[in-house]
Amino acid sequence: MSGYARYAVLGTAALAALVLGGAWLVGYIAWIWPLAALILMVIGVHDLTQTRHSILRNYPIVGHFRFFFEEIRPEIRQYLIESDTEAVPFSRNDRAIVYQRSKQELDKRPFGTQLDVYATGYEWISHSLAPAPESSHDFRVAIGAAACTLPYDASIFNISAMSFGALSANAIRALNQGAKRGGFAHDTGEGSISTYHREAGGDLIWEIGSGYFGCRDAQGGFDAQRFVDNALDPQVRMIEIKLSQGAKPGHGGVLPGPKVSPEIAQARGVPAWEDCVSPAAHSAFSTPVGLLEFVQRLRELSGGKPTGFKLAIGHPWEWFAIAKAMQLTGITPDFIVIDGKEGGTGAAPVEFIDRMGAPMRESLMLVHDTLMGLNLRDRVRLGAAGKVVSAFDVVRTMALGADWCNSARGFMFAVGCIQAMSCHTGRCPTGVTTQDPVRQRALVVPDKAERVFNFHQNTLKAVAEMVAASGLTHPSQFRREHIVRRVNGNEVRTLAALYPPMRAGALLEGDLSRWPIHAGFWERARAESFAPA
């Protein structure tokens, strides 16, 4: 239902109330009919003006059908949980968790797990017979090595990169207000910093892609002065260079001219109503050494703020080349964010979504093990993104080597996304991913900002419970041996057994036994080029 057709039922009810009311006054019909039409009209007007439900604000009266069917289950709810497979867009079980936690509803359920614990691939966390006392759920990680003079004390759970333009102004406002209240970070996405990011003053991670939006010159290259103008803003806490993203690595993109409104143009530093091109590759550097020199340059220009890069792992030798460049130059990023191919909240080519790039878990372990093998892990913090929503997702990701996690769709669900899969059409039913001012008014910022805050807080409270149940005091203490996976119907193994961790300094000693598949790639990688020798 597009355009103003979604208000047709309300309009019809109003017209019917008027016509039937007149007919009743002259005695043609009974009073019950104009009363029914009037009640429908009142319901529709209330739907338009209430602030809790985005669907009802955009779809008055007819939107109640969605809530009606939610109320008459648990049978339907049970079906949704049991039908959760890799074939559906996202875990409906996790989506229910987000809604419950963001709305402060009880996130408990009776009668045991709904999952098949004997299915291949099922994972669980080992608990302790000596649980630790529960500590504060405000878990933090310090980001910034010796070269960084303005380190950032980050939450272990933050908002992943989603640009203004991909998200509506109201969605950006709600996310940043929630981040401000909860003391966690909001990644801008490569669309740069808009006025809506600045309103609430929440901590920002400024993502800089190959289009250099917010710091570009007239030819689309990097502009140092424009970078400084944004980077020195106290609200910007970290600088993130985007090399590639999980949903469409190596692809680039074009925002068509008709979608480049003056607001989007102002944020990105491009002309309004002209095609906005984000190239597949960067122009500021072309080699691994050049990348690290660019990291160092941005760190200095920003006044010493933590500076790093985000990438989706593709050719292993390219990542190894960056690692060897760290050895050669002595320059290390303050952080690296590993983006898994399973992530992504916007539209991307189907083949890229399904078949291009490596999943987050394998990518994270590869990066973590490489840095361990070079004795560089203590100098570089690792973030990870890729369908991280529940407390178990956070714990498992940190057990695999991450210092913190980013979530995109989890926070989208918190601001009202119902995964209608219409992000690229401009007709988002809840106002999350549309630039239509009428549609996005459905997203009431104070209400959704509260849900963003609640989702973050309640997820970390669940993490704290899992940490204590495991006999630990901080999620950074989780290791691969804490996570157990069913390999088949008769065998289970810890992730440490399935993926033996790299021994500290092993690569410096020439020990490649951990990488029988990648050993040849490591030997051929070179710091001077992304191409193998």
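Counting from 1, the numbers follow the sequence of the chain as shown.
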Run Phe335 and Asp403 through side chain to side chain contact (heavy atoms under 4.5 Å, CB included) and show every step you take. CA-CA 10 Å; Phe335 65 90; Asp403 293 298; over 6 Å; no

If you apply the rule side chain to side chain contact (heavy atoms under 4.5 Å, CB included), what do you find for Met360 with Lys387, and how did you get there? CA-CA 9 Å; Met360 182 263 285; Lys387 288 191 175 180; over 6 Å; no

Is the Lys NZ or Arg CZ of Lys324 less than 6.0 Å from the centre of Phe320's six-membered ring, within 45° of the axis? no

Got a sec, which pairs hit side chain to side chain donor-acceptor pair (under 3.5 Å) with one end in residues 365-374, sequence neighbours left out? Trp319-Thr370, His368-Arg377, Asp369-Arg480, Asp369-Arg514

Report yes or no: does His474 contribute a side-chain atom to a donor-acceptor pair with the main-chain N or O of Ser476 at less than 3.5 Å? yes

Under 3.5 Å donor-acceptor, Asn406 side chain and Ala384 backbone: no

Test of understanding: with salt bridge (charged side-chain N to carboxylate O under 4.0 Å, His left out), list the residues that count as partners of Glu199, not counting sequence neighbours. Arg173

Given 3.5 Å as the limit, does a donor-acceptor pair link the side chain of Ser244 with the main chain of Ala312, or not? yes

Would you call the rings of Phe285 and His282 parallel, tilted or perpendicular, taking 30° and 60° as the class edges? parallel

Looking at side-chain heavy atoms only, is the closest gap between Asp393 and Cys405 below 4.5 Å? no

Verify, without hydrogens or angle tests, whether Asn230 (side chain) and Gly214 (backbone) share a donor-acceptor contact under 3.5 angstrom. yes

Say whether, by atom type as modelled, one donor and one acceptor occur between the side chain of Thr494 and the main chain of Glu481 under 3.5 angstrom. no

Main-chain N/O of His186 paired with Asn158 side-chain donor or acceptor, under 3.5 Å: no

Quick one: side chain to side chain donor-acceptor pair (under 3.5 Å) partners of Glu523, sequence neighbours excluded? none

Residues in side chain to side chain donor-acceptor pair (under 3.5 Å) with His315, at least two apart? none

Distance-only donor-acceptor check, side chains Asp511 and Ser513, under 3.5 Å: yes

Beyond-backbone contact of Leu371 with Leu382, side-chain heavy atoms, under 4.5 angstrom: yes

Is the distance from the ring center of Phe213 to that of Phe164 below 6.0 Å? no

Does the gap between the ring centers of Phe455 and Phe413 come in under 6.0 Å? no

Under 3.5 Å: donor-acceptor pair, side chain of Arg485, backbone of Leu495: no

Between Gln100 and Asn458, do the side chains contain an N or O donor and an N or O acceptor separated by less than 3.5 Å? no

Distance, nearest 0.5 Å, that separates CZ of Arg381 from OG1 of Thr332: 12.0 Å

For Phe157 together with Phe184, are the ring centres under 6.0 Å from each other? no

Using modelled atom types and a 3.5 Å cut-off, is there a donor and acceptor pairing between side-chain atoms of His518 and backbone atoms of Trp515? no

Are the side chain of Thr307 and the backbone N or O of Lys305 linked by a donor-acceptor pair below 3.5 Å? yes

Which residues pass the side chain to side chain donor-acceptor pair (under 3.5 Å) test with Arg181, not counting sequence neighbours? Glu450

Quick one about His456 and Ser155 (side-chain donor to acceptor, distance below 3.5 Å, no hydrogens or angles considered), yes or no? yes

When you compare the side chain of Trp124 with that of Phe392, does any pair of heavy atoms fall below 4.5 Å? no

Sidechain-backbone polar pair: Gln296 side chain, Ile331 backbone, donor-acceptor under 3.5 Å: no

Looking at residues at least two apart in the chain, or sitting in another chain, which of them share a salt bridge (charged side-chain N to carboxylate O under 4.0 Å, His left out) with Glu240? none

Go through the side-chain N and O atoms of Glu190 and Ser278 and say whether any donor and acceptor fall under 3.5 Å apart. yes

